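Here the structure comes first, spelled out in structure tokens, and everything after it is commentary.
Numbers restart at 1 for each chain; the letters A, B, ... are given by sequence-line order, proteins then strands. Just so you know, these numbers come straight off a predicted model, no measurement behind them.
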Protein chains: 2
Amino acid sequence: MEVLVDHIAKTISLTEEERSQLMSKLTNRRYLKGQYIGQEGDITRILSFIRKGTVRTFYLDASGSEHIISFGIENWWVGDLGSLIEQKPADYNVQCLEDTEVIQISNEDLQSLYITIPKLERFFRILIERAYVSTQKRIVRKQSLPAKERYILFLEHYPEIASRVPQYMIASYLGITKEFLSQIRSQIART
Amino acid sequence: MEVLVDHIAKTISLTEEERSQLMSKLTNRRYLKGQYIGQEGDITRILSFIRKGTVRTFYLDASGSEHIISFGIENWWVGDLGSLIEQKPADYNVQCLEDTEVIQISNEDLQSLYITIPKLERFFRILIERAYVSTQKRIVRKQSLPAKERYILFLEHYPEIASRVPQYMIASYLGITKEFLSQIRSQIART
DNA sequence: AAATGAAGTTAAACTAGTTTAATCTCTTTA
DNA sequence: TAAAGAGATTAAACTAGTTTAACTTCATTT
């Protein structure tokens, strides 16, 4: 669990007292490949920091097909934030694609830590600011680039994820069908 | 400027001292229709809270066509956040679509207020959390709904914006051409 | 009152990406 | 070693949305 405390301490400085206050609220947990950290419809009460493994966040649309919103690997946070902050049923499923180890904190504990360690609020403010900016960039790419270029950028930005995740999931993340991604790939290979 | 302080005090409680500290860092500014609050390429140094008016945030793609990322009306914050937090050239333009009055705070002052009034960090953490969740929902809608349904949802969610902004801009925001939006509208009208 | 220009509409030809369906290649398991 | 199943590929028919271009409407300027 110290891994996470060290990770946080890279952004904000923490006293020994604060480190141990934080540490006392963290728990380790393991999930097997295929297991769900959170499911659509359940209220999300915990935030998970991935120590090892791969995770996807996805939802099912009206016709029952899956759409992947994001992947998570080591050092990423996962959890349905909308559900966590409003304490209403989750829109998204969070599923492990490999055996995965996480460090978790409950929303309740997090809220009380925000009060005892105000700097922690800074850590999460900065984290979410960055997540927001990158989500906005994703909208930009979706609106102005064709699928082939989005795929190439994905490979450049997330080579680690690209190598650990099946292609039909990458297609889903990019917002195209697996068949079309396959065409794009063979077109790239021919070049 | 008290408008903004009151607005913030709805989420976090502020002492008289804190209110006046905050107030001393705020400035009013007016823009005419068509003027830019911020331009692509410039480093964003201020955050603006809209008191009156309508604003759009947009960018130009490689082929020079405009894509609207977001609209802003009364009580919304605008500014290229990516540029503001990393102090690098903005990707986006922020332009007034009507004569607009804003209350502004510089990033520098905001950063120092985060230290003197830690609760302010909470206000912005919560603000960004919500913005993040709604941006993520927008990706979901783009990936799983056809243009017609996205347009209908836009009218439901933002009737105020829909009535104040030309249709070709709504089309741009939805990620479709103005011609196709026109077809959708005539199809809805015929129903 | 005419002329200009910005916003919106309509329609035909086109294309990026989807759908359907068949085939292929691996692993995994019996 | 066969059989089952998950992931990936290919190709043909299809469709949601784009492009191009001509036309309409209405507010603004001259």
Side-chain angles (χ1 to χ4, degrees), chain A residues 32-35 54 56 58 60-68 71 95-99 138-139 141-155 161-191, chain B residues 32-35 54 56 58 60-68 71 95-99 138-139 141-155 161-191:
Chain A
L32 296 176
K33 178 175 178 174
Q35 282 189 313
T54 312
R56 65 168 180 161
F58 71 98
L60 299 170
D61 68 17
S63 66
S65 37
E66 291 178 4
H67 296 265
I68 293 181
F71 294 109
Q95 186 188 30
C96 299
L97 302 176
E98 298 172 355
D99 293 352
R138 203 169 145 203
I139 291 179
R141 285 194 298 269
K142 183 88 210 278
Q143 303 232 350
S144 53
L145 297 179
K148 181 180 172 181
E149 294 182 46
R150 265 149 47 219
Y151 175 60
I152 291 168
L153 282 179
F154 178 82
L155 294 181
I161 295 173
S163 68
R164 284 162 75 172
V165 149
Q167 270 153 41
Y168 74 89
M169 289 190 187
I170 296 175
S172 173
Y173 175 84
L174 293 173
I176 58 177
T177 58
K178 59 191 188 330
E179 292 84 358
F180 190 51
L181 177 55
S182 204
Q183 275 182 230
I184 288 169
R185 284 166 52 78
S186 79
Q187 197 201 321
I188 291 172
R190 265 181 278 117
T191 315
Chain B
L32 296 175
K33 178 175 176 170
Q35 281 189 314
T54 312
R56 64 167 179 160
F58 71 99
L60 299 170
D61 68 18
S63 67
S65 37
E66 291 178 4
H67 296 265
I68 293 180
F71 295 108
Q95 187 189 29
C96 299
L97 301 176
E98 299 172 355
D99 292 354
R138 203 170 146 205
I139 292 180
R141 286 194 296 271
K142 184 88 210 279
Q143 303 232 350
S144 52
L145 297 179
K148 181 180 172 183
E149 294 182 44
R150 265 149 46 217
Y151 176 59
I152 291 169
L153 281 179
F154 178 82
L155 295 180
I161 295 174
S163 69
R164 285 162 75 171
V165 148
Q167 270 153 41
Y168 73 91
M169 291 191 186
I170 296 175
S172 173
Y173 174 84
L174 293 173
I176 58 177
T177 59
K178 58 193 189 328
E179 292 85 357
F180 190 51
L181 178 57
S182 205
Q183 274 180 231
I184 288 169
R185 283 166 51 78
S186 78
Q187 198 200 322
I188 290 171
R190 267 181 276 116
T191 315

Would you check if the side chain of A/Gln35 reaches a backbone N or O of A/Leu32 as a donor-acceptor pair within less than 3.5 Å? yes
Strictly distance-based, threshold 3.5 Å: is any side-chain N or O of B/Asp61 a donor or acceptor partner for the main-chain N or O of A/Ser144? no
Nearest to side-chain heavy atoms of [X], which nucleotide of [options]:
X        : options                : result
B/Glu179 : D/dA21, C/dG17, D/dG17 : D/dA21
B/Pro166 : C/dA7, C/dT9, D/dT9    : C/dA7
B/Pro146 : C/dT18, C/dT9, D/dG17  : D/dG17
B/Phe180 : D/dG17, D/dT9, C/dA7   : D/dG17
B/Ile176 : C/dG17, C/dT9, D/dG17  : D/dG17
B/Tyr168 : D/dA16, C/dA7, C/dG17  : C/dA7

How many Å lie between CG on A/Asp61 and P on C/dT18, as a whole number? 13 Å
Rounded off to whole Å, could you give me the CD-to-C1' distance for the B/Gln167 and D/dT24 pair? 15 Å
For the pair B/Glu66 and B/Arg56, find out whether any cationic side-chain nitrogen is under 4.0 Å from an anionic carboxylate oxygen.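 Looking at B/Arg56 together with B/Glu66, the answer is yes, because their closest N to O distance falls below 4.0 Å.
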Starting from the 5' end of DNA chain C, give me the residue, A/Lys178 or A/Lys148, whose nearest nucleotide shows up first. A/Lys148
Distance check, rounded to the nearest 0.5 Å: A/Arg164 atom CZ versus A/Thr54 atom OG1?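 A/Arg164 atom CZ to A/Thr54 atom OG1 measures 3.5 Å (nearest 0.5 Å).
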Is any side-chain N or O of [X] closer than 4.0 Å to OP1 or OP2 of [N]?
X        : N      : result
B/Thr177 : D/dG17 : no
A/Arg185 : D/dA8  : no
B/Ser182 : C/dT10 : no
A/Gln183 : D/dA8  : no

